[in-house]
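Each remark here refers to the structure printed beneath this line.
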Amino acid sequence: MDLLRFATAGSVDDGKSTLIGRMLYDSKSIFSDQLESIEKTSRERGDEYTDLALLTDGLRAEREQGITIDVAYRYFSTPKRKFIIADTPGHIQYTRNMVTGASTADAAIVLVDARKGLSEQSRRHTFLVSLLQVPHLILAINKMDLVDWSEEVYESIRSEFVDFAAKLDISDLTVIPVSALQGDNVVDASANMPWYKGSTLLHHLETVHIASDRNLVDVRFPVQYVIRPHQSSHHDYRGYAGQVCGGVLRVGDEVVVLPSGMPTRIAAIYAPSGPVESAFAPMSVTICLEDDVDVSRGDMICRQNNRPTVAQDIDAMICWMGSTPLQPGQRLAIKHTTRNARALVQELQYELNINTLHRNSAAVDLKLNEIGRVRLRTTMPLLADEYRRNRQTGGFVLIDEANNNTVAAGMIVNAN
């Protein structure tokens with residue numbers, strides 16, 4: 001059974017948490033004590049109905065204000081697929097939390113209130129989904145019960161959104177009208193919208209094809225840990241553990257270890273269940289090599305004629321998450337795959353207005369939640385690909401060494 005990670009996005013009060021709660025409830029994926037707890041909390045607050053949003057909004061401030069602040073992760077499964085949900089906040093000041101939740105997603109659900117249509121935040125989050133190269137986008141036009149299940153309202157919002165999405169890099173778009181509060185078209189098909197002939201939201205999530213989203217061409221295996229047990233039963237064992245970030249590795253394949261460039265062959269591959277003949281993204285495995293090559297954490301195993309770029313000069317789009325602005329000349333730590341280095345911000349090329357998509361080349365800094373393109377110089381070469389080619393080897397985070405806080409998420413545009 002495969003795994004689908006998806007994130008919710010959209011403006012405040014568009015119903016993201018309620019949608020997830022409804023999905024969990026109607027798919028019978030919550031325990032009876034959880035249901036009793038949210039029923040009790042709803043009664044104590046004087047709600048006229050059981051507020052399913054309480055399933056994901058767990059912080060006291062979230063429940064008091066009826067908003068999502070932090071990213072809430074929930075796990076459930078159906079007979080067809082396992083799911084990890086990232087419920088992300090809608091407020092503009094929590095844009096960084098939305099980026100965090102969507103950065104590893106296979107699909108994103110952007111909710112729109114049918115009464116209000118596309119909002120500034122709807123467009124902002126759609127742009128971020130595009131920037132993060134999330135392969136599948138679902139527009140859920142919510143609260144259809146409050147517009148009398150109108151097909152005209154649905155078509156108007158759908159048409160406007162399709163026109164906006166055409167300006168972005170979105171490869172797969174699906175539009176579904178729903179009522180998260182009442183459950184229409186979430187898990188079960190709605191009798192109130194007979195004009196809609198498409199699938200329900202859960203059915204679409206169960207059946208959307210994600211296998212081809214993985215890069216199975218470029219072999220990328222960043223070494224995370226060297227396994228060298230000091231035991232008589234494994235006297236000569238040396239394995240290299242990590243997660244396959246791209247391509248397919250097979251026993252007997254000729255490979256090269258970067259940055260040294262030493263060639264060798266794969267002698268064995270071990271998955272958690274035991275020896276396997278091949279491994280592919282996103283499997284976590286241990287690889288044994290035929291030759292005694294010097295390999296350590298941060299190195300990468302790849303093909304001889306298909307290597308990532310070994311680069312210290314990086315052009316990247318970043319979402320700034322720090323409380324103090326980013327400025328040229330700043331020094332930060334960078335974490336890229338399993339490799340750590342330090343980076344100098346050589347240049348801020350422009351700040352991107354994610355409402356208008358205008359590039360402000362006159363910007364002198366990047367403030368909290370702003371997005372821009374920067375040029376970095378690293379102290380150690382990175383083994384990198386463009387983000388659009390590989391999200392794992394093309395993504396990185398920047399860390400403030402003074403307090404160890406993550407201050408930026410980055411997507412490599414060009415490396416040399």
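Annotation: D291, atom CG; neighbour count of heavy atoms from other residues, nucleotides and ligands within 6.0 Å is above 12. Within 6.0 Å of the CZ atom in F164, the count of heavy atoms belonging to other residues, nucleotides or ligands exceeds 12. The neighbour count for M283 CE, taken as heavy atoms of other residues, nucleotides or ligands under 6.0 Å away, is above 12. Within a 6.0 Å sphere centred on NE2 of H203, heavy atoms belonging to other residues, nucleotides or ligands number 12 at most. Sparse packing is recorded around CG of D148, with 12 or fewer heavy atoms of other residues, nucleotides or ligands lying under 6.0 Å away. When the shell of 6.0 Å around CG of D292 is examined, it contains 12 or fewer heavy atoms from other residues, nucleotides or ligands. Within a 6.0 Å sphere centred on CG of N404, other residues, nucleotides and ligands contribute 12 heavy atoms or fewer.
Here Y350 pairs with nothing under the ring-ring contact (aromatic ring centres under 6.0 Å, His included) rule; sequence neighbours left out.
In terms of modelled atom types and a separation under 3.5 Å, the side chain of R377 and the main chain of V345 share no donor-acceptor contact. The main-chain N or O of N185 is never found under 3.5 Å from a side-chain atom of S190 such that the two would form a donor-acceptor pair. With T126 contributing its side chain and S122 its backbone, the two residues share a donor-acceptor pair below 3.5 Å. One N or O on the side chain of N215 and one on the backbone of V217 form a donor-acceptor pair closer than 3.5 Å.
Between atom CD1 of residue I371 and atom CZ of residue R373 there is a gap of 14.0 Å, rounded to the nearest 0.5 Å. D218 contributes atom CG, which lies 10.5 Å from atom CZ of R303 (distance to the nearest 0.5 angstrom). Within the model, atoms CD of E206 and CG of L201 stand 10.0 Å from one another, a figure rounded to the nearest 0.5 Å.
Remark: the Q121 side chain and the S119 side chain contain no N/O donor-acceptor pair separated by less than 3.5 Å.
Nearest heavy-atom pair across A311 and A415 is CB-CB, 3.7 Å. G101 and A7 get closest at one heavy-atom pair: O-CB, 3.9 Å. In this structure, I412 and A316 approach most closely via the heavy-atom pair CA-CB, 4.0 Å.
Look at E151 and R158 and you find no salt bridge, because none of the NZ, NE, NH1 or NH2 atoms lies under 4.0 Å from a carboxylate O.
The aromatic rings of F83 and F76 sit parallel, their planes meeting at an angle under 30°, below the 60° perpendicular limit.
Side-chain contact between F221 and V285 is present, with at least one heavy-atom pair separated by less than 4.5 Å.
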